[in-house]
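The structure appears right after this line, and notes come after that.
Note that the structure is predicted; figures quoted are calculated from it, not measured.
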Amino acid sequence: MLNQIKDKIEGQLNISEQTIKPAEVIDRLQTFNDRLIFTNQEITTDDIESMYLGVEYLGVGIDKFNPLSQRQHISFADLAGLSFLVVQDIGPWRQIVEAHIPNASFLYQEDLSAMSQISRYSNFPFFFSNLSQVTSTTGKRFENNNRNAVRIDDPHNQIEFYGAYLKRERETIQPILRIIGQNWPE
């Protein structure tokens with residue numbers, strides 16, 4: 001999502017897609033390794049504050065021959081017993097989908113291009129989010145027109161996101177976070 005809107009943000013923006021463990025966030029900010037870290041928890045200390053950005057939720061790309069693909073929305077329980085192609089590094093979503101989709105199999109893929117190829121030439125369902133839906137990588141997985149995008153309507157299908165930064169960086173970071181919040185996909 002950031003790559004889609006970075007031209008709206010003044011100044012040079014270096015984006016790292018590296019996942020940072022929650023226990024490392026405060027240290028990485030305090031040691032100036034990062035100036036801004038996106039987290040799924042609000043962080044407030046003497047030196048650090050967070051700004052709410054929006055909610056991420058999942059949808060699923062389902063083969064058009066699966067009856068679930070004809071529905072407007074489904075729950076995690078509706079996906080019971082299916083096998084999914086999943087990006088290896090999905091952060092807190094891994095625990096959520098594994099806990100709330102009964103008897104499912106998750107075929108984790110580390111390489112995004114391999115996942116894209118497998119999903120284009122197989123009928124395994126895959127997850128996407130409101131943040132990744134606009135990316136070309138996700139779009140390519142729907143190119144063959146053999147899947148429908150279905151929203152998952154489930155109380156566990158949401159993660160709030162915040163931008164955490166040093167308080168002394170407030171004047172520089174908050175304008176960036178406001179632009180991100182204003183462009184947060186629904």
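Hydrophobic clustering, with ILVMFWY side chains joined whenever heavy atoms are under 4.5 angstrom apart, keeps V55 apart from I96. L2 and I37 fall into different hydrophobic clusters, where Ile, Leu, Val, Met, Phe, Trp and Tyr residues are linked whenever their side-chain heavy atoms come under 4.5 Å apart, directly or through other members. Under the 4.5 Å side-chain heavy-atom criterion for Ile, Leu, Val, Met, Phe, Trp and Tyr, F124 and V97 are members of the same hydrophobic cluster. Under the 4.5 Å side-chain heavy-atom criterion for Ile, Leu, Val, Met, Phe, Trp and Tyr, V60 and I159 are members of the same hydrophobic cluster. Note: the hydrophobic cluster containing I152 also contains V87 (ILVMFWY, side chain heavy atoms under 4.5 Å, direct or indirect links).
Looking at R147 and S69, their side chains never come closer than 4.5 Å, going by heavy atoms from C-beta outward. The shortest distance between side-chain heavy atoms of F76 and N157 falls below 4.5 Å. Here the side chains of F126 and V86 are not in contact, with every heavy-atom distance at 4.5 Å or above. I74 is listed as a side-chain neighbour of I62, based on a closest heavy-atom distance under 4.5 Å. At a threshold of 4.5 Å between non-hydrogen side-chain atoms, the residues L68 and L82 count as touching. Side-chain contact check for L85 versus Y108: every heavy-atom pair is 4.5 Å or farther apart. Contact of the Q109 side chain with the Q88 side chain is not registered, since no non-hydrogen atoms from C-beta on lie closer than 4.5 Å. The side-chain heavy atoms of T39 and I43, taken from C-beta on, include a pair separated by under 4.5 Å.
Note that the NE2 atom of H156 and the CD1 atom of I101 stand 11.5 Å from one another [nearest 0.5 Å]. For the atom pair CD1 of I5 and CG of N183, the computed distance is 4.5 Å after rounding to the nearest 0.5 Å. Atom OG1 in T19 sits 3.0 Å away from atom CG in D89 (nearest 0.5 Å). Note that the CH2 atom of W184 and the CG atom of L53 stand 5.0 Å from one another [nearest 0.5 Å]. Between the CD1 atom of I15 and the NZ atom of K6 there is a distance of 5.0 Å, given to the nearest 0.5 Å. The CG atom of L36 sits 10.5 Å away from atom CE of M51, with the distance rounded to the nearest 0.5 Å.
Residues forming a ring pair (Phe, Tyr, Trp, His ring centres under 6.0 Å) with Y52 (at least two apart in sequence, or on another chain): Y162. Remark: E169 pairs with R35 by the salt bridge (Lys or Arg N to Asp or Glu O under 4.0 Å) rule, at least two apart or across chains. N33 pairs by the side-chain hydrogen bond (donor to acceptor under 3.5 Å, both in side chains) definition with T31, not counting sequence neighbours. Residues meeting the ring pair (Phe, Tyr, Trp, His ring centres under 6.0 Å) test with F38, sequence neighbours left out: none. For E56, the salt bridge (Lys or Arg N to Asp or Glu O under 4.0 Å) criterion is met by no residue, not counting sequence neighbours. Under the rule for a salt bridge (Lys or Arg N to Asp or Glu O under 4.0 Å), the partners of R28 that lie at least two apart in sequence or sit in another chain are D34. Under the ring pair (Phe, Tyr, Trp, His ring centres under 6.0 Å) criterion, F84 pairs with F106, F127, sequence neighbours left out.
Among pairs with a residue in residues 72-82, those fulfilling side-chain hydrogen bond (donor to acceptor under 3.5 Å, both in side chains) read R71-D78, S75-D78, at least two apart in sequence or across chains. Among residues at least two apart or in separate chains, salt bridge (Lys or Arg N to Asp or Glu O under 4.0 Å) pairs with a member in residues 91-113 are R94-E98. Applying the salt bridge (Lys or Arg N to Asp or Glu O under 4.0 Å) definition to pairs two or more places apart or across chains, none involves residues 151-164.
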Is there a side-chain contact (heavy atoms from CB on, under 4.5 Å) between V25 and Q41 once you walk through the steps? CA-CA 11 Å; V25 172; Q41 296 176 6; over 6 Å; no
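Considering all non-hydrogen atoms of both residues, P125 and S83 come closest at CD-O, 3.0 Å. Nearest heavy-atom pair across Q158 and P155 is CG-O, 4.3 Å. Scanning both residues, S50 and A164, for their nearest heavy atoms gives OG-CB, 3.9 Å.
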Less than 3.5 Å apart, which donor and acceptor atoms pair up between the side chains of residues 173-182 and the rest of the protein, not counting sequence neighbours?
residue, atom, partner, partner atom, Å
Q174, NE2, Y165, OH, 2.8
R178, NH1, Q174, O, 3.1

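Formation of a donor-acceptor pair under 3.5 Å by the S132 side chain with backbone atoms of F128 is not found in this model. At least one donor-acceptor pair under 3.5 Å links the side chain of Q70 to the backbone N or O of K64.
The hydrophobic side chain of Y57 is isolated, with no ILVMFWY side chain under 4.5 Å apart from it.
The environment of NZ in K8 is sparse: at most 12 heavy-atom neighbours from other residues, nucleotides or ligands sit within 6.0 Å.
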